[in-house]
Enquirer: 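Starting off with a structure, shown below.
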Amino acid sequence: MIDRKAFRKDFEQMQQALARRDEGLVAKGSAWARAHALDTVQRDMKAQSEALQAERNRVSKLIGQKKRQGNDASEELARMSEVGKQSKQLDAEAKEAELAFSNALLEIPNPPHGSVPDGVDENDNIEIRRWGEPRQDDVPAHWDIGEALGILDFDAGVKLAGSRFSVLRGAAARLERALIQFMLDMHADQHHYEEVWVPAIANRKTLTGTGQLPKFEDDLYRLEGEDAFLIPTAEVPVTNLYQDNIINIADLPIKHCAYSPCFRREAGSAGRDTRGMIRQHQFDKVELVQLVHPDDALTALDELTQHAAAVLEALELPYRVVDLCAGDIGFSAQKTFDLEVWLPSHSCYREISSCSSFAQFQGRRAGIRFRTESGKPEAVATVNGSGLAIGRTLVAILENGWQIDENGNDFVVIPEKLRSYMGGLAKISAA
RNA sequence: GGAGAGAUGGCUGAGUGGCUGAAAGCGCACCCCUGCUAAGGGUGUAUAGGUUUACCCCUAUCGAGGGUUCGAAUCCCUCUCUCUCCGCCA
(Lines give C-alpha, C1' and ligand atoms only; values in the text may rest on other atoms or scores of the structure.)
Protein backbone atom coordinates (compact mmCIF):
# COMPACT_ATOMS: atom_id res chain seq x y z
CA MET A 1 0.00 0.00 0.00
CA ILE A 2 1.23 3.44 -0.77
CA ASP A 3 1.88 5.74 2.15
CA ARG A 4 -1.08 7.98 2.93
CA LYS A 5 1.03 10.96 3.87
CA ALA A 6 3.22 10.58 0.84
CA PHE A 7 0.08 10.28 -1.25
CA ARG A 8 -0.78 13.86 -0.30
CA LYS A 9 2.71 15.25 -0.08
CA ASP A 10 4.33 13.68 -3.14
CA PHE A 11 1.20 13.36 -5.22
CA GLU A 12 2.66 14.49 -8.54
CA GLN A 13 5.77 12.44 -8.20
CA MET A 14 3.84 9.28 -7.36
CA GLN A 15 1.43 9.83 -10.16
CA GLN A 16 4.26 10.10 -12.65
CA ALA A 17 5.86 6.95 -11.33
CA LEU A 18 2.59 5.02 -11.59
CA ALA A 19 1.98 6.27 -15.08
CA ARG A 20 5.25 4.64 -16.06
CA ARG A 21 3.58 1.31 -15.37
CA ASP A 22 0.50 2.17 -17.34
CA GLU A 23 -1.14 5.51 -18.14
CA GLY A 24 -4.51 3.94 -17.35
CA LEU A 25 -3.55 3.52 -13.72
CA VAL A 26 -3.90 7.23 -13.08
CA ALA A 27 -6.62 7.97 -15.62
CA LYS A 28 -10.16 9.04 -14.82
CA GLY A 29 -12.02 6.36 -12.90
CA SER A 30 -8.85 4.62 -11.74
CA ALA A 31 -8.31 3.66 -8.13
CA TRP A 32 -5.75 6.44 -8.05
CA ALA A 33 -8.27 9.04 -9.18
CA ARG A 34 -10.88 7.70 -6.78
CA ALA A 35 -8.47 7.84 -3.88
CA HIS A 36 -7.51 11.38 -4.77
CA ALA A 37 -11.13 12.49 -4.85
CA LEU A 38 -11.97 10.75 -1.59
CA ASP A 39 -9.00 11.82 0.46
CA THR A 40 -10.04 15.32 1.49
CA VAL A 41 -13.70 14.39 1.73
CA GLN A 42 -12.86 11.52 3.99
CA ARG A 43 -10.70 13.60 6.28
CA ASP A 44 -13.23 16.43 6.51
CA MET A 45 -15.97 14.03 7.46
CA LYS A 46 -13.79 12.44 10.03
CA ALA A 47 -12.88 15.78 11.56
CA GLN A 48 -16.54 16.69 11.79
CA SER A 49 -17.44 13.42 13.35
CA GLU A 50 -14.61 13.65 15.84
CA ALA A 51 -15.59 17.14 16.90
CA LEU A 52 -19.08 15.93 17.69
CA GLN A 53 -17.75 12.93 19.53
CA ALA A 54 -15.54 15.21 21.60
CA GLU A 55 -18.58 17.27 22.53
CA ARG A 56 -20.50 14.15 23.43
CA ASN A 57 -17.67 12.82 25.57
CA ARG A 58 -17.26 16.12 27.34
CA VAL A 59 -20.90 16.50 28.30
CA SER A 60 -21.27 12.84 29.18
CA LYS A 61 -18.47 13.26 31.64
CA LEU A 62 -20.26 16.27 33.09
CA ILE A 63 -23.45 14.27 33.48
CA GLY A 64 -21.53 11.62 35.33
CA GLN A 65 -20.11 14.20 37.69
CA LYS A 66 -23.46 15.84 38.37
CA LYS A 67 -25.15 12.54 39.07
CA ARG A 68 -22.46 11.51 41.46
CA GLN A 69 -22.91 14.74 43.35
CA GLY A 70 -26.65 14.23 43.37
CA ASN A 71 -27.35 17.17 41.07
CA ASP A 72 -29.92 17.32 38.34
CA ALA A 73 -28.62 16.66 34.84
CA SER A 74 -31.83 16.42 32.91
CA GLU A 75 -31.04 19.42 30.76
CA GLU A 76 -27.78 17.87 29.52
CA LEU A 77 -29.43 14.51 29.14
CA ALA A 78 -32.08 15.90 26.86
CA ARG A 79 -29.52 17.74 24.78
CA MET A 80 -27.17 14.78 24.46
CA SER A 81 -29.85 12.37 23.42
CA GLU A 82 -29.97 14.21 20.12
CA VAL A 83 -26.20 14.64 19.86
CA GLY A 84 -25.65 10.94 20.44
CA LYS A 85 -27.87 10.02 17.52
CA GLN A 86 -26.31 12.63 15.29
CA SER A 87 -22.84 11.52 16.23
CA LYS A 88 -23.62 7.92 15.41
CA GLN A 89 -24.92 8.95 12.04
CA LEU A 90 -21.89 11.11 11.25
CA ASP A 91 -19.54 8.46 12.45
CA ALA A 92 -21.10 5.86 10.18
CA GLU A 93 -20.79 8.18 7.20
CA ALA A 94 -17.20 9.04 8.02
CA LYS A 95 -16.35 5.38 8.36
CA GLU A 96 -17.93 4.62 5.04
CA ALA A 97 -15.91 7.35 3.36
CA GLU A 98 -12.75 6.14 5.03
CA LEU A 99 -13.44 2.59 3.89
CA ALA A 100 -14.00 3.69 0.31
CA PHE A 101 -10.74 5.61 0.46
CA SER A 102 -8.69 2.76 1.89
CA ASN A 103 -10.28 0.29 -0.53
CA ALA A 104 -9.12 2.51 -3.36
CA LEU A 105 -5.64 2.70 -1.85
CA LEU A 106 -5.46 -1.09 -1.68
CA GLU A 107 -5.89 -1.26 -5.44
CA ILE A 108 -3.09 1.15 -6.26
CA PRO A 109 0.13 -0.64 -7.23
CA ASN A 110 3.57 0.21 -5.93
CA PRO A 111 5.14 3.15 -7.78
CA PRO A 112 8.21 1.77 -9.54
CA HIS A 113 11.66 2.73 -8.33
CA GLY A 114 13.49 5.40 -10.29
CA SER A 115 16.00 2.85 -11.54
CA VAL A 116 13.30 0.72 -13.20
CA PRO A 117 13.62 1.04 -16.99
CA ASP A 118 10.79 2.55 -19.01
CA GLY A 119 8.72 0.20 -21.10
CA VAL A 120 5.35 -1.43 -21.52
CA ASP A 121 5.96 -5.18 -21.65
CA GLU A 122 8.60 -7.90 -21.51
CA ASN A 123 10.08 -6.76 -24.80
CA ASP A 124 11.32 -3.64 -23.05
CA ASN A 125 13.06 -5.49 -20.23
CA ILE A 126 16.79 -5.01 -20.09
CA GLU A 127 19.23 -7.85 -19.98
CA ILE A 128 21.79 -7.24 -17.23
CA ARG A 129 24.14 -10.16 -17.65
CA ARG A 130 24.45 -13.75 -18.83
CA TRP A 131 26.01 -16.80 -17.26
CA GLY A 132 26.99 -20.08 -18.90
CA GLU A 133 27.16 -21.38 -22.45
CA PRO A 134 23.71 -21.95 -23.94
CA ARG A 135 23.74 -25.12 -26.05
CA GLN A 136 22.66 -24.46 -29.62
CA ASP A 137 22.05 -27.97 -30.98
CA ASP A 138 18.59 -29.41 -31.56
CA VAL A 139 17.04 -30.56 -28.33
CA PRO A 140 13.55 -32.02 -28.03
CA ALA A 141 11.02 -30.30 -25.79
CA HIS A 142 10.98 -31.55 -22.23
CA TRP A 143 7.58 -33.20 -22.69
CA ASP A 144 9.02 -35.36 -25.44
CA ILE A 145 12.09 -36.20 -23.37
CA GLY A 146 9.96 -36.93 -20.33
CA GLU A 147 7.56 -39.16 -22.19
CA ALA A 148 10.36 -40.97 -24.00
CA LEU A 149 11.95 -41.74 -20.64
CA GLY A 150 8.59 -42.64 -19.11
CA ILE A 151 8.96 -40.15 -16.26
CA LEU A 152 6.50 -37.36 -17.19
CA ASP A 153 2.82 -38.30 -17.52
CA PHE A 154 0.61 -35.44 -18.63
CA ASP A 155 -2.37 -37.62 -19.51
CA ALA A 156 -2.49 -38.92 -15.97
CA GLY A 157 -2.50 -35.35 -14.62
CA VAL A 158 -5.43 -34.46 -16.84
CA LYS A 159 -7.31 -37.58 -15.82
CA LEU A 160 -6.82 -36.96 -12.12
CA ALA A 161 -7.36 -33.24 -11.94
CA GLY A 162 -7.66 -31.54 -15.32
CA SER A 163 -5.54 -29.55 -17.73
CA ARG A 164 -2.32 -28.00 -16.43
CA PHE A 165 -1.71 -30.79 -13.97
CA SER A 166 0.88 -33.50 -14.40
CA VAL A 167 2.23 -36.63 -12.81
CA LEU A 168 5.91 -37.37 -12.25
CA ARG A 169 7.16 -40.92 -12.13
CA GLY A 170 10.34 -42.58 -10.99
CA ALA A 171 13.42 -40.46 -11.58
CA ALA A 172 11.40 -37.31 -12.29
CA ALA A 173 9.49 -37.61 -9.02
CA ARG A 174 12.73 -38.14 -7.22
CA LEU A 175 14.31 -35.24 -9.07
CA GLU A 176 11.50 -32.95 -7.94
CA ARG A 177 12.11 -33.98 -4.34
CA ALA A 178 15.88 -33.78 -4.70
CA LEU A 179 15.69 -30.25 -6.08
CA ILE A 180 13.57 -29.06 -3.18
CA GLN A 181 16.02 -30.45 -0.69
CA PHE A 182 19.07 -29.27 -2.58
CA MET A 183 17.82 -25.70 -2.77
CA LEU A 184 16.69 -25.54 0.83
CA ASP A 185 20.01 -26.89 2.04
CA MET A 186 21.91 -24.35 -0.01
CA HIS A 187 19.92 -21.35 1.20
CA ALA A 188 19.81 -22.47 4.80
CA ASP A 189 23.44 -23.57 5.11
CA GLN A 190 25.31 -21.28 2.73
CA HIS A 191 23.11 -18.19 2.50
CA HIS A 192 21.88 -18.26 6.10
CA TYR A 193 18.16 -18.18 5.61
CA GLU A 194 16.13 -19.72 8.41
CA GLU A 195 14.03 -22.51 6.98
CA VAL A 196 10.31 -22.42 7.73
CA TRP A 197 7.44 -24.62 6.78
CA VAL A 198 4.06 -22.95 6.44
CA PRO A 199 0.41 -23.65 5.60
CA ALA A 200 -0.58 -23.80 1.94
CA ILE A 201 -3.86 -22.11 2.78
CA ALA A 202 -4.11 -18.46 3.75
CA ASN A 203 -7.00 -16.24 4.80
CA ARG A 204 -8.11 -12.98 3.23
CA LYS A 205 -6.20 -10.72 5.57
CA THR A 206 -2.96 -12.55 4.94
CA LEU A 207 -3.38 -12.37 1.16
CA THR A 208 -4.21 -8.69 1.43
CA GLY A 209 -1.03 -8.15 3.41
CA THR A 210 1.21 -9.22 0.55
CA GLY A 211 -0.94 -7.63 -2.17
CA GLN A 212 -2.64 -10.58 -3.90
CA LEU A 213 -5.99 -9.31 -2.65
CA PRO A 214 -8.25 -7.52 -3.19
CA LYS A 215 -7.29 -7.06 -6.81
CA PHE A 216 -6.32 -10.51 -7.96
CA GLU A 217 -8.88 -12.78 -6.39
CA ASP A 218 -9.60 -14.36 -9.78
CA ASP A 219 -6.07 -15.74 -9.93
CA LEU A 220 -6.52 -17.65 -6.68
CA TYR A 221 -8.23 -20.88 -5.76
CA ARG A 222 -10.79 -20.09 -3.12
CA LEU A 223 -11.99 -22.69 -0.65
CA GLU A 224 -15.69 -23.36 -0.90
CA GLY A 225 -17.58 -22.02 2.08
CA GLU A 226 -14.56 -20.34 3.62
CA ASP A 227 -12.84 -17.02 3.24
CA ALA A 228 -9.56 -18.74 2.58
CA PHE A 229 -7.45 -19.53 -0.47
CA LEU A 230 -4.70 -21.84 -1.66
CA ILE A 231 -1.47 -19.87 -1.64
CA PRO A 232 0.00 -18.82 -5.00
CA THR A 233 3.47 -18.60 -3.44
CA ALA A 234 5.12 -19.14 -0.05
CA GLU A 235 5.84 -15.42 -0.03
CA VAL A 236 2.31 -14.99 1.31
CA PRO A 237 2.48 -17.03 4.52
CA VAL A 238 6.17 -16.46 5.14
CA THR A 239 6.00 -12.67 4.94
CA ASN A 240 2.82 -12.63 6.99
CA LEU A 241 4.52 -14.56 9.75
CA TYR A 242 5.29 -11.06 11.02
CA GLN A 243 1.89 -9.55 10.26
CA ASP A 244 1.01 -6.85 12.84
CA ASN A 245 4.34 -7.27 14.60
CA ILE A 246 6.78 -4.62 15.68
CA ILE A 247 10.19 -6.14 15.12
CA ASN A 248 13.20 -5.26 17.18
CA ILE A 249 15.54 -3.36 14.88
CA ALA A 250 18.45 -5.52 16.02
CA ASP A 251 16.65 -8.53 14.55
CA LEU A 252 16.78 -7.12 11.02
CA PRO A 253 17.40 -8.42 8.49
CA ILE A 254 15.18 -11.45 8.90
CA LYS A 255 15.79 -14.08 6.23
CA HIS A 256 13.59 -17.10 5.57
CA CYS A 257 13.56 -19.83 2.99
CA ALA A 258 10.58 -22.09 2.56
CA TYR A 259 9.36 -24.83 0.33
CA SER A 260 5.69 -24.85 -0.55
CA PRO A 261 3.34 -26.03 -3.23
CA CYS A 262 1.87 -23.09 -5.15
CA PHE A 263 -1.56 -22.88 -6.73
CA ARG A 264 -2.56 -20.54 -9.49
CA ARG A 265 -5.69 -20.46 -11.60
CA GLU A 266 -3.83 -18.93 -14.53
CA ALA A 267 -7.08 -17.18 -15.36
CA GLY A 268 -5.51 -14.75 -17.80
CA SER A 269 -3.14 -17.11 -19.55
CA ALA A 270 -5.46 -19.30 -21.62
CA GLY A 271 -3.55 -20.75 -24.56
CA ARG A 272 -0.10 -19.93 -23.20
CA ASP A 273 2.32 -22.77 -22.49
CA THR A 274 -0.46 -25.30 -22.76
CA ARG A 275 1.97 -28.16 -23.25
CA GLY A 276 4.41 -29.40 -20.71
CA MET A 277 5.29 -28.36 -17.21
CA ILE A 278 6.07 -24.70 -17.69
CA ARG A 279 2.72 -23.35 -16.56
CA GLN A 280 0.83 -25.56 -14.13
CA HIS A 281 -2.03 -24.93 -11.73
CA GLN A 282 0.02 -26.56 -9.01
CA PHE A 283 3.78 -26.36 -8.77
CA ASP A 284 6.52 -26.55 -6.19
CA LYS A 285 8.75 -23.65 -5.29
CA VAL A 286 11.46 -22.78 -2.83
CA GLU A 287 11.02 -19.17 -1.84
CA LEU A 288 13.41 -16.65 -0.33
CA VAL A 289 12.04 -13.86 1.83
CA GLN A 290 13.86 -11.04 3.57
CA LEU A 291 12.54 -8.37 5.92
CA VAL A 292 15.00 -5.51 5.95
CA HIS A 293 15.49 -1.90 6.94
CA PRO A 294 13.98 0.30 4.19
CA ASP A 295 17.41 1.77 3.44
CA ASP A 296 18.73 -1.70 2.66
CA ALA A 297 16.02 -2.90 0.30
CA LEU A 298 17.88 -2.61 -2.99
CA THR A 299 21.10 -4.01 -1.61
CA ALA A 300 19.13 -6.92 -0.24
CA LEU A 301 17.50 -7.40 -3.62
CA ASP A 302 20.88 -7.71 -5.31
CA GLU A 303 22.00 -10.14 -2.66
CA LEU A 304 18.86 -12.25 -2.84
CA THR A 305 18.95 -12.34 -6.63
CA GLN A 306 22.48 -13.67 -6.41
CA HIS A 307 21.35 -16.31 -3.92
CA ALA A 308 18.79 -17.54 -6.42
CA ALA A 309 21.31 -17.39 -9.26
CA ALA A 310 23.72 -19.46 -7.21
CA VAL A 311 21.32 -22.38 -7.52
CA LEU A 312 21.39 -22.18 -11.30
CA GLU A 313 25.16 -22.00 -11.29
CA ALA A 314 25.43 -24.99 -8.98
CA LEU A 315 23.19 -26.90 -11.37
CA GLU A 316 25.23 -25.69 -14.35
CA LEU A 317 22.19 -24.19 -16.03
CA PRO A 318 22.88 -21.20 -18.30
CA TYR A 319 20.80 -18.17 -17.42
CA ARG A 320 20.49 -14.45 -17.77
CA VAL A 321 19.39 -11.69 -15.43
CA VAL A 322 16.76 -9.28 -16.66
CA ASP A 323 15.83 -5.89 -15.20
CA LEU A 324 12.05 -5.69 -15.62
CA CYS A 325 10.64 -2.54 -17.15
CA ALA A 326 7.96 -0.41 -15.48
CA GLY A 327 5.17 -2.00 -17.50
CA ASP A 328 6.18 -5.53 -16.59
CA ILE A 329 6.79 -5.49 -12.85
CA GLY A 330 4.16 -6.98 -10.56
CA PHE A 331 1.54 -5.06 -8.62
CA SER A 332 3.36 -4.97 -5.27
CA ALA A 333 6.90 -4.72 -6.56
CA GLN A 334 9.00 -1.58 -6.63
CA LYS A 335 11.74 -3.23 -8.64
CA THR A 336 12.20 -6.71 -10.06
CA PHE A 337 14.98 -8.81 -11.49
CA ASP A 338 13.97 -11.97 -13.30
CA LEU A 339 16.27 -14.92 -13.66
CA GLU A 340 15.71 -16.66 -16.98
CA VAL A 341 17.06 -20.12 -17.66
CA TRP A 342 18.11 -21.32 -21.09
CA LEU A 343 15.65 -23.76 -22.69
CA PRO A 344 17.42 -25.24 -25.73
CA SER A 345 14.29 -26.79 -27.24
CA HIS A 346 12.93 -23.33 -27.91
CA SER A 347 16.29 -21.59 -28.08
CA CYS A 348 15.17 -19.01 -25.59
CA TYR A 349 15.43 -17.94 -21.99
CA ARG A 350 12.43 -18.58 -19.76
CA GLU A 351 11.64 -17.09 -16.35
CA ILE A 352 12.61 -19.39 -13.52
CA SER A 353 12.84 -16.89 -10.69
CA SER A 354 11.43 -13.46 -10.05
CA CYS A 355 13.17 -11.42 -7.38
CA SER A 356 11.59 -8.21 -6.19
CA SER A 357 11.92 -5.45 -3.69
CA PHE A 358 8.59 -4.23 -2.43
CA ALA A 359 10.07 -1.41 -0.39
CA GLN A 360 7.57 -0.71 2.41
CA PHE A 361 4.53 -1.54 0.28
CA GLN A 362 3.87 -4.92 1.88
CA GLY A 363 5.14 -3.83 5.28
CA ARG A 364 2.46 -1.17 5.41
CA ARG A 365 -0.29 -3.48 4.19
CA ALA A 366 0.60 -6.29 6.56
CA GLY A 367 1.45 -4.09 9.53
CA ILE A 368 5.02 -5.34 9.73
CA ARG A 369 7.04 -2.67 11.46
CA PHE A 370 10.26 -2.02 13.31
CA ARG A 371 11.15 0.65 15.82
CA THR A 372 13.40 3.42 14.56
CA GLU A 373 16.06 5.07 16.70
CA SER A 374 13.53 7.68 17.76
CA GLY A 375 11.20 4.93 18.97
CA LYS A 376 8.60 5.44 16.28
CA PRO A 377 7.35 2.32 14.49
CA GLU A 378 7.96 2.29 10.76
CA ALA A 379 7.09 -0.28 8.08
CA VAL A 380 9.84 -2.73 7.18
CA ALA A 381 10.86 -3.31 3.60
CA THR A 382 10.36 -6.75 2.11
CA VAL A 383 12.35 -8.49 -0.57
CA ASN A 384 11.63 -11.89 -2.00
CA GLY A 385 12.25 -14.19 -4.89
CA SER A 386 12.01 -17.74 -6.08
CA GLY A 387 15.01 -19.77 -5.30
CA LEU A 388 13.85 -21.48 -7.55
CA ALA A 389 10.67 -22.71 -9.17
CA ILE A 390 11.12 -26.47 -8.94
CA GLY A 391 9.12 -27.61 -11.97
CA ARG A 392 10.84 -25.24 -14.33
CA THR A 393 14.21 -26.25 -12.93
CA LEU A 394 13.32 -29.86 -13.65
CA VAL A 395 12.39 -28.89 -17.19
CA ALA A 396 15.69 -27.06 -17.60
CA ILE A 397 17.65 -30.05 -16.34
CA LEU A 398 15.84 -32.40 -18.72
CA GLU A 399 16.51 -30.20 -21.73
CA ASN A 400 20.01 -28.97 -20.92
CA GLY A 401 21.13 -32.42 -19.81
CA TRP A 402 19.55 -34.31 -22.67
CA GLN A 403 21.82 -36.58 -24.69
CA ILE A 404 21.57 -39.51 -27.10
CA ASP A 405 23.73 -42.57 -26.67
CA GLU A 406 25.40 -44.64 -29.38
CA ASN A 407 22.28 -46.82 -29.70
CA GLY A 408 20.06 -43.81 -30.29
CA ASN A 409 18.48 -43.88 -26.85
CA ASP A 410 17.64 -40.70 -24.94
CA PHE A 411 19.17 -40.04 -21.55
CA VAL A 412 19.56 -37.06 -19.26
CA VAL A 413 22.70 -36.16 -17.37
CA ILE A 414 22.07 -35.14 -13.79
CA PRO A 415 24.10 -32.14 -12.60
CA GLU A 416 26.93 -33.32 -10.44
CA LYS A 417 25.96 -31.44 -7.30
CA LEU A 418 22.53 -33.02 -7.38
CA ARG A 419 23.65 -36.63 -7.58
CA SER A 420 24.01 -37.22 -3.89
CA TYR A 421 20.39 -36.15 -3.56
CA MET A 422 19.46 -38.67 -6.25
CA GLY A 423 20.95 -41.64 -4.48
CA GLY A 424 24.09 -41.33 -6.57
CA LEU A 425 22.28 -41.47 -9.90
CA ALA A 426 24.32 -39.78 -12.66
CA LYS A 427 21.90 -40.05 -15.53
CA ILE A 428 18.28 -40.83 -16.23
CA SER A 429 17.63 -43.45 -18.89
CA ALA A 430 14.44 -45.09 -20.08
CA ALA A 431 13.27 -47.69 -17.63
C1' G B 1 -19.00 -32.85 14.97
C1' G B 2 -21.06 -32.34 20.55
C1' A B 3 -20.50 -29.91 25.56
C1' G B 4 -18.18 -26.29 28.55
C1' A B 5 -14.65 -22.20 29.64
C1' G B 6 -12.23 -18.07 27.89
C1' A B 7 -10.07 -13.66 24.72
C1' U B 8 -7.78 -6.80 28.59
C1' G B 9 -1.17 -3.21 27.13
C1' G B 10 5.67 -6.43 25.59
C1' C B 11 4.11 -10.39 29.55
C1' U B 12 1.16 -11.87 34.12
C1' G B 13 -3.29 -10.06 35.76
C1' A B 14 -7.41 -6.61 38.24
C1' G B 15 -11.62 -4.43 36.56
C1' U B 16 -20.21 -5.77 36.07
C1' G B 17 -22.21 1.37 33.46
C1' G B 18 -19.19 7.48 34.39
C1' C B 19 -13.64 9.47 38.48
C1' U B 20 -10.49 3.40 33.49
C1' G B 21 -6.40 4.13 27.82
C1' A B 22 -7.16 1.02 31.74
C1' A B 23 -4.97 -0.94 39.10
C1' A B 24 -0.93 -4.01 40.59
C1' G B 25 3.23 -6.88 39.43
C1' C B 26 7.00 -8.33 35.85
C1' G B 27 9.93 -6.72 31.85
C1' C B 28 12.31 -2.61 29.41
C1' A B 29 14.56 2.64 29.22
C1' C B 30 16.58 6.77 31.73
C1' C B 31 17.97 9.12 36.39
C1' C B 32 19.38 9.02 41.73
C1' C B 33 21.72 6.50 45.73
C1' U B 34 25.33 3.13 47.39
C1' G B 35 33.45 2.43 47.10
C1' C B 36 32.46 -2.52 43.58
C1' U B 37 28.63 -6.21 43.55
C1' A B 38 23.91 -7.13 45.58
C1' A B 39 19.87 -4.41 47.27
C1' G B 40 17.04 0.28 47.17
C1' G B 41 14.51 4.95 45.35
C1' G B 42 12.43 8.04 41.28
C1' U B 43 10.54 8.91 36.37
C1' G B 44 8.94 7.04 31.92
C1' U B 45 7.11 2.97 28.86
C1' A B 46 0.53 0.86 23.49
C1' U B 47 -1.12 1.70 18.41
C1' A B 48 -3.49 4.46 14.62
C1' G B 49 -5.62 8.98 12.77
C1' G B 50 -6.32 14.44 13.02
C1' U B 51 -3.93 19.14 14.42
C1' U B 52 1.02 21.09 15.33
C1' U B 53 7.76 23.45 13.75
C1' A B 54 7.35 21.05 18.40
C1' C B 55 4.77 20.57 23.02
C1' C B 56 -0.22 20.30 23.91
C1' C B 57 -4.86 18.88 22.52
C1' C B 58 -8.81 15.91 20.09
C1' U B 59 -10.69 11.00 18.19
C1' A B 60 -10.63 5.70 17.95
C1' U B 61 -9.01 0.98 19.81
C1' C B 62 -9.78 -3.91 26.15
C1' G B 63 -10.56 -10.62 19.91
C1' A B 64 -13.97 -8.57 15.43
C1' G B 65 -18.65 -6.46 13.97
C1' G B 66 -23.41 -4.61 15.40
C1' G B 67 -27.01 -2.95 19.35
C1' U B 68 -28.84 -0.57 24.19
C1' U B 69 -27.41 4.20 26.76
C1' C B 70 -26.30 11.08 27.66
C1' G B 71 -22.10 7.65 28.59
C1' A B 72 -19.77 0.62 27.43
C1' A B 73 -13.63 -3.06 28.83
C1' U B 74 -18.23 -3.69 31.82
C1' C B 75 -25.17 -5.01 29.48
C1' C B 76 -27.43 -7.57 24.74
C1' C B 77 -26.78 -10.01 19.73
C1' U B 78 -23.69 -12.17 15.78
C1' C B 79 -18.98 -13.90 14.28
C1' U B 80 -13.77 -15.43 14.85
C1' C B 81 -10.10 -17.64 17.58
C1' U B 82 -7.98 -20.29 21.96
C1' C B 83 -8.30 -23.95 25.89
C1' U B 84 -10.62 -28.46 28.34
C1' C B 85 -13.62 -32.94 27.89
C1' C B 86 -16.18 -36.40 24.43
C1' G B 87 -16.45 -38.37 19.34
C1' C B 88 -13.72 -39.12 14.74
C1' C B 89 -8.99 -39.28 12.42
C1' A B 90 -3.15 -39.36 9.24
Enquirer: What is the distance from CG of Leu90(A) to P of C58(B), rounded to the nearest Å?
Expert: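 About 20 Å, once rounded to whole Å.
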Enquirer: Looking at A60(B), G50(B), U47(B), which one has an atom nearest to any side-chain atom of Arg43(A)?
Expert: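 Among A60(B), G50(B), U47(B), the one nearest the side chain of Arg43(A) is G50(B).
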Enquirer: Between A73(B) and A60(B), how many Å separate the two P atoms, rounded to a whole number?
Expert: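 Their P atoms lie roughly 10 Å apart.
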Enquirer: Please pick, from U47(B), U51(B), C70(B), the nucleotide with the shortest atom-to-atom distance to any side-chain atom of Arg371(A).
Expert: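 Looking only at side-chain atoms, Arg371(A) lies closest to U47(B).
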Enquirer: Could you tell me which nucleotide pairs with A38(B) by Watson-Crick or G-U wobble geometry, both distances under 3.5 Å, or answer none if nothing does?
Expert: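 Matched A38(B) with nothing under the 3.5 Å cut-off.
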Enquirer: Is the shortest side-chain N to carboxylate O distance from Glu76(A) to Lys66(A) below 4.0 Å?
Expert: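 Looking at Lys66(A) together with Glu76(A), the answer is yes, because their closest N to O distance falls below 4.0 Å.
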Enquirer: Considering Watson-Crick and G-U wobble pairs with both distances under 3.5 Å, what does G27(B) pair with?
Expert: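 Per the H-bond distance test, U45(B).
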Enquirer: For Arg204(A), which contact category applies under a 4.0 Å heavy-atom criterion: base, sugar-phosphate, or nothing?
Expert: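 Here Arg204(A) touches no strand at all.
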Enquirer: When we call it a touch if two heavy atoms are under 4.0 Å apart, what does Arg364(A) touch: a base, just sugar-phosphate, or nothing?
Expert: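 Nothing: the residue Arg364(A), judged by heavy atoms under 4.0 Å, touches no strand.
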Enquirer: Using a cut-off of 4.0 Å on non-hydrogen atoms, how would the nucleic acid contact of Ala54(A) be classed: base, sugar-phosphate, or nothing?
Expert: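 Result for Ala54(A) = sugar-phosphate.
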Enquirer: Any Lys/Arg nitrogen of Arg4(A) or Glu98(A) sitting under 4.0 Å from an Asp/Glu carboxylate oxygen of the other?
Expert: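 Judged by the 4.0 Å cut-off on N to carboxylate O distance, Arg4(A) and Glu98(A) do form a salt bridge.
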Enquirer: Can you check the distance between G65(B) and G25(B), where both ends of the measurement are the P atom (answer in whole Å)?
Expert: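 The same atom, P, in both gives a distance of 32 Å.
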Enquirer: When you check the phosphate oxygens OP1 and OP2 of G71(B), does a side-chain N or O of Asn57(A) lie under 4.0 Å from one of them?
Expert: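 For G71(B), OP1/OP2 do not have a side-chain N/O of Asn57(A) under 4.0 Å.
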Enquirer: Does G17(B) have a Watson-Crick or wobble mate here (both distances under 3.5 Å), and if so which one?
Expert: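 With both distances under 3.5 Å required, G17(B) matches none.
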Enquirer: Sort out the partner of G65(B) for me: Watson-Crick or G-U wobble, both distances under 3.5 Å, none otherwise.
Expert: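 WC or wobble partner is C77(B).
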Enquirer: Base of U69(B), side chain of Lys88(A) - is there a donor-acceptor contact under 3.5 Å?
Expert: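 Yes.
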Enquirer: Rounding to an integer number of angstrom, what distance separates A29(B) and G15(B) when you compare their P atoms?
Expert: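 It works out to 31 Å between them.
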Enquirer: Would you sort out whether Gln65(A) and Asn71(A) count as a side-chain contact (heavy atoms from CB on, under 4.5 Å), showing the intermediate values?
Expert: CA-CA 9 Å; Gln65(A) 270 171 27; Asn71(A) 294 331; over 6 Å; no
Enquirer: Please report the distance, rounded to the nearest Å, between NZ in Lys46(A) and P in C58(B).
Expert: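 Going from NZ in Lys46(A) over to P in C58(B) covers 16 Å.
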